[in-house]
Asker: 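First the structure, which I've put down as structure tokens, then a few questions once you've had a look.
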Amino acid sequence: MTSGPFSAFPPMPDESRPAVSSPWRALLAPYGLSLWLLLFCQAGQAIASLSLPSFSADVIDRGILRHDTPHIVRMMAIMLLATCCQILFSVGTAWLGARIAMGIGRDLRSAVFARVQAFSLTEVRRFGAPTLITRSTNDVQQLQTVLVMVLTMVMTAPIMGIGGVVMAVRQDAHLSLLLCVSVPLLALVIAVITMRTLPLFARMQGQIDRLNQILREQIDGLRVIRAFVRDTSERARFGTGNDALTDTTLRVGRLMALQIPAANLVMQLSSVAMVWFAAHRIALGHMQVGSLVAFLTYIVQILISVMIASMLFTVAPRALVSGRRIAELLATPPSVAEPEAPVPLPAMARERGEVEFRDVTFHYPGATHPVVRNVSFRIAPGETVAVIGGTGAGKSTLVNLVPRLFDATSGSVLVAGVDVRALGLDALWSLIGLVPQEPFLFSGTIADNLRYGQPEASDAQLWHALDVAQATDFVAALPLGLAAPVAQGGGNFSGGQRQRLTIARAIVRRPAIYLFDDSSSALDYATDAHLRAALARDLRPEAAVLIVGQRVNALRHADRILVLDKGGIVGAGTHDELLATSAAYREIVESQRASEVTA
């Protein structure tokens, strides 16, 4: 796990990254030299562009009107040189701007990904998978698009605008007073449109989140939808979200469509006004024809620079919303954090598994009652402890507290005698083999999934783990065997097959601590019995095993069984001891016997 959102940034070979306090400064810090070069290129491009109208005026007034051919040739050569410089600086601006924008986009995606990976289940559930996906992809793309515009075009606009005003005043100060009307008028039009679109962009990003959520639910719950004949209502639900997003997008598009025509109207009216007033000044001899040509060019450049800046306002509102969403994510500290000074693992921790709960209580954020309360027990090396209880008793929460998917609200969870909050996360996880309640496989091959926690494992070790997990038969029957493809989430295997593969993945790792969270619920009784017998023979003699389950038959041979009710331990002992001493355990046993008889 990374300790911060920017620890995954790729190193820059020529530029060091200073210590910075702001995440946005951290994004720009590696590109300091490139940004200075970009500014130099943009300044050179602007100077070359601003010099051309003055040269044109000089050609007209001192060359064409005076029939001075040598002067025309000299000025044309200078203009050609200025044009070549402008082209070179434009190429440099485009190359540097694209490089910086794409690099920052890459770094931002890395930062968001690293932060999400650092989140505990608390933060993941708080944000939700749909918005995390949107913030990692769409929101970053919006910022990257704005950066390309800012770095390649918009940064040039102030230089061109200010330089154009200075050059226009040099040509004719009195005529330049018209800029005091046209420029504020254009800025007002852009500001009004921007203020109208900003809340719409915020709504749009939220609607994208909602649409992602609906689509994700419909893909994951496809079988349920069809089983309950809910296709029509789900299409309607998706249609409602899609129509809302479409309506908002169209409203934004209509407002944005007004921007360019309005800017063009202001620019053309300004040009007409300039020619009208300039004609009188030329007739009075207060202005030359070449100066009028140059002045009109500068006016166009000034207004174009304002239009270029207005292009930023076309996408800036949405990017601003995206930036706030990303900043919120990056500013959210993980509730499960790496300790500042991790305690080293004891020498025998990798050989002797040991887990202890000391008066552990845990609240889910916002819950009124703890899901686990005052739980204390110890799993000694070589001991198997099972946990059973009703739905919502807190069984899975106990399992999640050991690898720090959550942190205990009070009390301590110890591994090898050390509080898990004092251990480095990688060191803690290296001791654990977790088989979650919902089996999950990654896209790739069966071998890739089995080697997920032990990349150096040989094929023989993989087949041995499959044999223990009772998965050899169906894997060997596949044409490619270990090289057989696995779809995303293991969707091309049944629930029981996925469970056996996830058990085999944990066995390949050979950890000191095994955590089985109701990992055989999809298996039939015979397969489950064979699996338990094989596990008992294969597990390391000093491994600690914590099993959570619902079936009494799957847990009855454990060294100790804990009965959980409303988050607290209400019984502890062997199967026979609990039958004699625990009413809650007897009730569970009798209910399951009744179910078997009924079946």
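Predicted model, so just to flag it, every value in this text is computed and none were measured.
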Asker: Could you check whether any side-chain N or O of Tyr452 sits under 3.5 Å from a backbone N or O of Phe442, counting only pairs where one atom can act as donor and the other as acceptor?
Answerer: no
Asker: Using the side-chain hydrogen bond (donor to acceptor under 3.5 Å, both in side chains) rule, take Ser120 and Glu123 through it: C-alpha gap first, then chi angles, then the decisive distance, then the call.
Answerer: CA-CA 6 Å; Ser120 70; Glu123 289 77 42; 2.6 Å; yes
Asker: How many angstroms lie between atom CG of Leu81 and atom SG of Cys85, to the nearest 0.5 angstrom?
Answerer: 4.5 Å
Asker: Taking the basic N atoms (NZ, or NE/NH1/NH2) and the acidic carboxylate oxygens, is any pair closer than 4.0 Å for Asp448 and Arg505?
Answerer: no
Asker: Do Arg203 and Arg251 have side chains that approach each other closer than 4.5 Å (heavy atoms only, starting at C-beta)?
Answerer: yes
Asker: Heavy atoms only: give me the nearest Gly105-Val140 pair and the separation to one decimal.
Answerer: O-CG1, 3.9 Å
Asker: Around atom CE of Met102, are there more than 12 heavy atoms of other residues, nucleotides or ligands at under 6.0 Å?
Answerer: yes
Asker: With sequence neighbours excluded, tell me which residues meet side chain to side chain contact (heavy atoms under 4.5 Å, CB included) with Leu147.
Answerer: Ala101, Ile104
Asker: Find out whether Arg115 and Pro334 are in side-chain contact, i.e. whether some heavy atom of one side chain is under 4.5 Å from a heavy atom of the other.
Answerer: yes
Asker: So which heavy atom on Ser34 is nearest to which on Leu96, and how close?
Answerer: O-CD1, 4.3 Å
Asker: Nearest 0.5 Å, what's the CG-CG distance between Leu482 and Leu450?
Answerer: 7.0 Å
Asker: Heavy atoms only: give me the nearest Leu478-Ala484 pair and the separation to one decimal.
Answerer: CD1-CB, 3.6 Å
Asker: Do side-chain atoms of Gln42 reach the backbone of Leu151 as a donor and acceptor pair under 3.5 angstrom?
Answerer: yes
Asker: Residues two or more places apart in sequence or in another chain: which of them pass side chain to side chain donor-acceptor pair (under 3.5 Å) with Arg404?
Answerer: Asp407
Asker: CD1/Ile326 to CG/Leu143 distance, rounded to the nearest 0.5 angstrom?
Answerer: 4.5 Å
Asker: Do Leu80 and Met76 pass the side chain to side chain contact (heavy atoms under 4.5 Å, CB included) test, and can you show the C-alpha distance, the side-chain angles, and the key distance before you say yes or no?
Answerer: CA-CA 6 Å; Leu80 180 61; Met76 293 299 293; over 6 Å; no
Asker: Supply the atom-to-atom distance Thr332 OG1 to Phe127 CZ, rounded to the nearest 0.5 angstrom.
Answerer: 3.5 Å
Asker: Please assess Val336 against Thr122 for the test side chain to side chain contact (heavy atoms under 4.5 Å, CB included), listing each intermediate value before the final yes or no.
Answerer: CA-CA 9 Å; Val336 174; Thr122 300; over 6 Å; no
Asker: Is it the case that atom CZ in Arg109 sees more than 12 heavy atoms from other parts of the structure closer than 6.0 Å?
Answerer: yes
Asker: Going by ring-ring contact (aromatic ring centres under 6.0 Å, His included), name the residues that satisfy it together with Phe406, two or more places apart in sequence or in a different chain.
Answerer: Phe362, Tyr364
Asker: Hey, could you give me the CG/CG distance between Leu441 and Asn449, rounded to the nearest 0.5 Å?
Answerer: 5.0 Å
Asker: Can you confirm whether Ile446 sits close enough to Leu480 that some side-chain heavy atom of one is under 4.5 Å from a side-chain heavy atom of the other?
Answerer: no
Asker: Is there a donor-acceptor pair closer than 3.5 Å between any side-chain N or O of Thr249 and the backbone N or O of Leu245?
Answerer: yes
Asker: Provide the full list of side-chain hydrogen bond (donor to acceptor under 3.5 Å, both in side chains) pairs with a residue in residues 233-246, sequence neighbours left out, each pair given once.
Answerer: Glu217-Arg237, Gln218-Glu234, Arg230-Ser233, Glu234-Arg237
Asker: Who passes side chain to side chain donor-acceptor pair (under 3.5 Å) against Ser49, sequence neighbours left out?
Answerer: Gln86
Asker: Nearest heavy-atom pair of Ala319 and Val146: which atoms, and what distance?
Answerer: CB-CG2, 3.1 Å
Asker: Is it true that, when you exclude Gln488 itself, more than 12 heavy atoms of the residues, nucleotides or ligands shown sit nearer than 6.0 Å to its CD?
Answerer: no
Asker: Which heavy atom in Arg451 sits nearest to a heavy atom in Ala457, and how many Å separate them?
Answerer: NE-O, 2.7 Å
Asker: Side chain to side chain contact (heavy atoms under 4.5 Å, CB included) between Leu329 and Thr131: does it pass, once the steps are laid out?
Answerer: CA-CA 10 Å; Leu329 190 148; Thr131 186; over 6 Å; no
Asker: By the definition side chain to side chain donor-acceptor pair (under 3.5 Å), identify the one residue from Asp247, Asn212, Thr248 that meets it with Gln207.
Answerer: Thr248
Asker: State, yes or no, whether a side-chain contact exists between Trp429 and Pro403 at a heavy-atom distance under 4.5 Å.
Answerer: yes
Asker: Atom CZ in Phe40, atom OG1 in Thr93: separation rounded to 0.5 Å?
Answerer: 10.0 Å
Asker: Does anything in residues 137-148 form a salt bridge (Lys or Arg N to Asp or Glu O under 4.0 Å)? List the pairs, not counting sequence neighbours.
Answerer: Asp139-Arg325
Asker: For residues Ser51 and Ala82, report the shortest heavy-atom separation together with the two atoms involved.
Answerer: OG-CB, 4.1 Å
